[in-house]
Amino acid sequence: MSKANDQYAGWQVYKRLLGYLKSAWWAFLIAIVGNLTYALASAAMAPAMEFVVEAIENPSAENRLFVPMLIIVVFTVRGVGSFFSTYFMAFVARAIIHRMRTELFSQIIRLPCSFFDANSTGHLVSKITYNVAQVTGAATNAITVILREGFTVMGLLGFMLYSNWRLTLVFLIVGPIIGVLVSVITKSFRKVSSNIQTSMGEVTHVASESFNGYRVMRTFGGESHEETRFSDASEHNISQTLKLSFIQAISTPVIQVLISVSIAVLVWLALSPQVLQNMTSGEFIAFITAATTCAKPVRQLTEVNAVIQRGIAASQDVFSQIDHEVEADEGTVETDRCKGDLRINHLSFAYSGSDKKVLEDINLHIPAGKTVALVGRSGSGKSTLASLIPRFYDYDSGSITLDDIPLKDLKLASLREQISLVTQQVTLFNDSVANNIAYGTLKGAPLEDIEKAAEAAHAVEFIKDLDKGYETKLGDNGVNLSGGQRQRLAIARALLKDAPILILDEATSALDTHSERHIQAALENVMKDRTTLVIAHRLSTIENADLIVVMEQGRIVETGTHDELLSKQGAYAALHQLQFSENEA
Ligand SMILES: Nc1ncnc2c1ncn2[C@@H]1O[C@H](COP(=O)(O)OP(=O)(O)O)[C@@H](O)[C@H]1O
Ligand SMILES: [Mg+2]
C-alpha cells in the first residue's frame, strides 16, 4: 500500500492531487476568495474589540451607532465568505471525486486478467468508494481549513505584531513546541490510515464473498464461519479506526493546553506595570482577544492534519492503482474480418507468479473454417490454451498467429473483435434480455437479429415465457434464470456477434442432454463457416469435429478424428470408454 518510494511521497502525492483541481479551477478560485474574506473578517474581530472597549470608556451618540454597525458588518462579511468557501469547495470536491472515481474505474477494467486473478473484487470496490472519498477530504476540507484558518492566524498575528511585537514574540515561543508535536503525530496518522483502508477493503471483501456465495454457504452451513470472518474483519477495522480517534482525541487537548499556557504567560507579562503603561485598555483587550482567538484556528490547523494524512494515504493507494500497468496493447495491425487461420507454434505458458508450466510446447494448426475440439481431464490446460487466443494472458515462448499475423502485432480490440467466446461461467448484467444479448459493441443491434440469435441458441422458448419477453429485466447476474437458460443467452450473445472465430469452453455443460442436443444442432450450423475451438465436457458433442486434440498435463498427447483416435486405442479411446460406461451406469 503506502510505498516509501518518491513517487508516492506525501508532497508528490499532494501535488498530483491538486492537478485534479484543473477542471474546477474557477470554483476553487471563488472558494479561495471566500476563505480570504472569512479570514480577514475573523481577524478583524480583534481590532474591533478595541473600538468596543473605547466606545465603552467614552460613550457618545456617534459610537453608539458606529460600534453595533461594525459588529454587523464584520459578521456579515464573514458569513458571505463562509458561504462561498463552503459551497464552492464542495463543488470542487465533487468534481475531484467524480474524475478520480471514473478514472480509477476505467483503469481497473483495462487491467490484465492476471490482476483480477490476484485481487479480490471487494478490495477493488472499496478503493473506488471509500478510498476516493478519503482523498477528497484531503483535497478540499483540508484546503478550506488551511486557507481559512491559516489566513485568520496570519491576520491575527499581523495585528498582534503591529500592536505589541514583544508580547507577540513570547506568544510565538510556544509555536515550535507545537510544531514538533504535530510532526510526531503526523507519522502515526498516516500509518494508521493506511491500515484502516486495507481493513475496510477486507470488510467489503468478506461481505461480497458471502453474498455471492450464499448458496454454498447455506448448503455447507458456512454461516457461522462467515460471521466470524466478517466480525474479525470488522473488529480489525474498528480497532484501527479507534487508534486514529485516540491520536486525534489526545492531540487536540494537548495542543490546547499548550496554547493556554502561552496565553497565561502572556497575561502575566502584560499585567506587569511597565507593559501596561504603554497600552490602552482597549489595545490590551484587543491583543488578548487576538491571542485567544488564535487558539481555535491553530487547533483546527492541527486537526486538519489527520484529514490530510488520511487523504494522502488514500491517494497513495489510488494513484498506485491508477499507475498500475494496463493490458499491453502494442500491436498496430487492424483487421476488418480475418479468415480465421490459427496457428500455434511451440507455445509454452506459465501463469505469472508460478513456475509450473501449464502449457508445454503446444503445436496446433486450426485452418480457417475448421472445428478443433480440445478434450482432456480437468486441469490439463484446455481453458488456459483457449484464453491465450483472445490474449487474456501474455505468453513468453512460442507464438500464435492469426492469418499468419502474430497475435501480439494485432491491436487488442481488433483481435477480440474476431472472437466470440462462450465459457462455462456465464456473466449476465442487470439489464433487459435484449441488452444482455446485444452487449458491448453489439449494442443497438436490430431486434430481428437479436431474435434470430436467440432462436439459434434455443433461447426463444423461455424468453417468450418471461413477463416482458425481450424487455424483461434480469436481476443481478441473471439470478432469476436457470443455469441452462443463462448459458443459452450467452450462446445467443456469441451468435449475434457473428465473429469469424468461435471459442466454446464447455459452453453447453450447464444444459441437460436434451437441450444440449438441440443447441448442438444450432451450434454446428454456425460452426460450419467459422474457425471453432470447442472444449467439450461430453465427448458425444464433438464427435464430428475436424480434429480432436487430447491434452494431458499441458501437453498434446494425441490428435486425430474421432474414428482415427478410437481405432488408435489410446488416451481418447480411454476417455471415451470411461464416459460411455458412466452413461450406461
Ligand atoms: N488464473 C490462474 N492462475 C494460476 N493458475 C491457473 C489459473 N487458471 C488455471 N490455472 C492452473 O492451470 C492449470 C490448467 O487449468 P485449466 O486451463 O483451467 O484446465 P482445464 O480447462 O483443462 O480444466 C491448472 O493446474 C490450474 O490450477
Ligand atoms: Mg476448463
Side-chain angles (χ1 to χ4, degrees), residues 108-124 205 209 212 324-328 342 344 346-364 366 371-398 400 407 419-427 483 486-487 490-491 494 501-511 516 523 532-542 545 547-559 565 570-572 574-576 578-579 582:
I108 290 178
I109 59 172
R110 288 183 173 77
L111 288 171
C113 295
S114 54
F115 179 85
F116 288 94
D117 293 343
N119 290 277
S120 82
T121 33
H123 281 114
L124 294 177
H205 164 67
E209 214 167 63
N212 286 331
H324 201 291
E325 232 166 281
V326 296
E327 270 186 314
L342 275 171
I344 302 173
H346 299 293
L347 179 76
S348 295
F349 175 78
Y351 282 100
S352 58
S354 132
D355 293 334
K356 187 180 149 246
K357 284 243 157 66
V358 175
L359 295 174
E360 239 182 316
D361 197 32
I362 302 285
N363 290 288
L364 184 61
I366 313 179
T371 297
V372 168
L374 290 180
V375 301
R377 263 188 257 150
S378 133
S380 54
K382 306 179 299 288
S383 297
T384 305
L385 181 59
S387 66
L388 292 185
I389 293 169
R391 281 190 60 197
F392 289 156
Y393 299 93
D394 268 330
Y395 44 90
D396 298 321
S397 69
I400 305 179
L407 293 192
I419 301 172
S420 269
L421 171 74
V422 185
T423 63
Q424 204 173 358
Q425 287 121 7
V426 177
T427 301
R486 295 154 49 87
Q487 206 144 35
I491 292 171
I501 301 174
L502 181 63
I503 299 177
L504 303 169
D505 187 349
E506 309 204 5
T508 52
S509 61
L511 302 178
E516 184 171 39
L523 281 178
T532 310
L533 183 65
V534 51
I535 299 172
H537 179 64
R538 262 167 273 191
L539 296 185
S540 58
T541 58
I542 48 103
L547 186 73
I548 296 172
V549 174
V550 185
M551 292 187 65
E552 245 171 50
Q553 304 203 343
R555 292 175 180 277
I556 294 180
V557 291
E558 253 181 15
T559 53
L565 290 175
Y572 180 77
L575 276 173
H576 195 264
L578 199 66
Q579 283 206 351
E582 265 173 12

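These figures come from a predicted structure and were not determined experimentally. Atoms within each ligand, like the ligands themselves, are counted from 1 in listed order.
- Look at Ser378 and the Mg ion (ligand 2): no N/O/S atom of the residue is under 2.8 Å from the metal.
- Using cut-offs of 30° and 60° on the angle between ring planes, the pair His123 and His205 is parallel.
- Only the side chain of Tyr393 comes within contact range of ligand 1, with a heavy atom under 4.0 Å; no backbone atom does.
- Taking atom 1 (N) of ligand 1 as the reference point, the nearest protein heavy-atom neighbour is Asp117 OD2, 2.8 Å.
- Atom numbering of ligand 1 starts at 1 in the shown order; those under 4.0 Å from a heavy atom of Thr384 are 14 (C), 15 (O), 16 (P), 17 (O).
- Annotation for ligand 1: atoms under 4.0 Å from non-hydrogen atoms of Val358 are 12 (O), 13 (C), 14 (C).
- Across Asp361 and Ser348, no two heavy atoms sit closer than the pair N-OG, 3.0 Å.
- In terms of heavy-atom proximity, Ala490 sits nearest to Val426 at CB-CG1, 3.7 Å.
- Between the side chain of Thr532 and the main chain of Val534, no donor-acceptor pair closer than 3.5 Å is present.
- Of all atoms in ligand 1, listed by their number and element, those nearer than 4.0 Å to a heavy atom of Lys356 are 25 (O).
- Protein heavy atom closest to atom 5 (N) of ligand 1, with residue, atom name and distance, is Tyr351 CD1, 3.1 Å.
- The protein atom (non-hydrogen) at minimum distance from atom 18 (O) of ligand 1 is Ser383 CB, 3.7 Å.
- Looking from atom 20 (P) of ligand 1 to the surrounding protein, the closest heavy atom is Gly379 N, 3.4 Å.
- For atom 25 (O) of ligand 1, a protein heavy-atom neighbour is found at a distance under 4.0 Å.
- Side-chain N/O atoms of Thr384 and Tyr393 include no donor and acceptor closer than 3.5 Å.
- Ligand-side atoms of ligand 1 in range of Ser378: 23 (O), range being under 4.0 angstrom from any heavy atom.
- Protein heavy atom in closest approach to atom 19 (O) of ligand 1: Gly381 N, 3.2 Å.
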